[in-house]
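The structure appears below as structure tokens.
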Amino acid sequence: QVQLVESGGGLVQAGGSLRLSCAASGRTFSSYAMGWFRQAPGKEREFVAHISASGGSTRYADSVKGRFTISRDNAENMVYLQMNSLKPEDTAVYYCAADRARFLLPGTGKRADEYDYWGQGTQVTVSS
């Protein structure tokens, strides 16, 4: 099992940047693929970014491609989401997720039900 704790959320003006962090417990963190999802009020949870267990493969939602970057440090059991050029529509609670699946097929790793472990979320608010 793995436990996840997100941090780094906050209030930022449009055009600004934030870096979210996700700290994972457990000695087998490097075996888990990781994802970031977000959920705005009244909306379903949506995919933001995915990174493979080794960090060698990443995937992004079209809405954040070119603005957000997912990365991981397996030695420190950490996953990051660097968010630049933030827009008001990026406002949401951001969740870190983990799963032992390898997500080798194109397009996989983008659904919330593909992940077994979740953090509690961190709020990101972008003002216009």
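For the numbers below, each heavy atom of this structure counts, side chains included, while hydrogens, waters and symmetry mates do not. If you read the sequence from its start, that first residue is 1, and numbering goes on from there.
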Evaluate side-chain contact (heavy atoms from CB on, under 4.5 Å) for R72 paired with N77, printing each intermediate quantity in order. CA-CA 8 Å; R72 66 189 296 161; N77 283 17; over 6 Å; no
For D62, is there an ion pair with K65 - N to carboxylate O distance below 4.0 angstrom? yes
Output side-chain donor-acceptor pairs under 3.5 Å for residues 16-31, partner residues at least two apart or in another chain, one line each.
from, atom 1, to, atom 2, distance (Å)
S17, OG, N84, OD1, 2.9
S25, OG, Q3, N, 2.9

Please lay out, stage by stage, how V79 and I70 fare under the test side-chain contact (heavy atoms from CB on, under 4.5 Å). CA-CA 7 Å; V79 176; I70 188 171; 4.1 Å; yes
Give the ring-plane orientation class for F68 versus Y94, where under 30° counts as parallel, over 60° as perpendicular and anything between as tilted. tilted
Identify the two heavy atoms, one from L11 and one from S127, that lie closest to each other, and give their separation to 0.1 Å. CD1-CB, 4.3 Å
Hey, can you pull the donor-acceptor pairs under 3.5 Å for the side chains in residues 39-50, sequence neighbours left out?
from, atom 1, to, atom 2, distance (Å)
Q39, OE1, R45, NE, 3.3
Q39, OE1, R45, NH2, 3.4
Q39, NE2, K43, O, 3.1
E46, OE2, R38, NE, 2.6
E46, OE2, R38, NH2, 3.1
H50, ND1, Y115, OH, 2.9

Joint hydrophobic cluster, L81 plus V12, side-chain heavy atoms closer than 4.5 Å: yes
Return the minimal non-hydrogen interatomic distance between M34 and A98, and the atom names on each side. SD-CB, 3.4 Å
Okay, side chain of T108, backbone of F103: is any donor-acceptor separation there less than 3.5 Å? yes
Check against side-chain contact (heavy atoms from CB on, under 4.5 Å), W118 and C96: CA-CA 6 Å; W118 292 84; C96 175; over 6 Å; no
Please check: side-chain N/O of E76 versus main-chain N/O of D73, any donor-acceptor pairing under 3.5 Å? no
Looking at D116 and R100, is any side-chain nitrogen of the basic one under 4.0 Å from a carboxylate oxygen of the acidic one? no
Answer with yes or no whether the side chains of R59 and S52 bring together a donor and an acceptor at under 3.5 Å. no
Closest non-hydrogen atom pair between V124 and M83, with its separation: CG2-CE, 3.9 Å
Please round to the nearest 0.5 Å and tell me the distance separating atom CG of L104 and atom OG of S57. 9.0 Å
Minimum side-chain heavy-atom gap T69-Y60 below 4.5 Å: yes
With a 6.0 Å cut-off (strictly less than), is the heavy-atom count around CD of E89, excluding the residue itself, greater than 12? yes
Are L86 and F37 linked, directly or through intermediate hydrophobic residues, by side-chain heavy-atom contacts shorter than 4.5 Å (ILVMFWY only)? no
Test side-chain contact (heavy atoms from CB on, under 4.5 Å) applied to L4 and Y95, step by step: CA-CA 9 Å; L4 306 172; Y95 297 91; over 6 Å; no
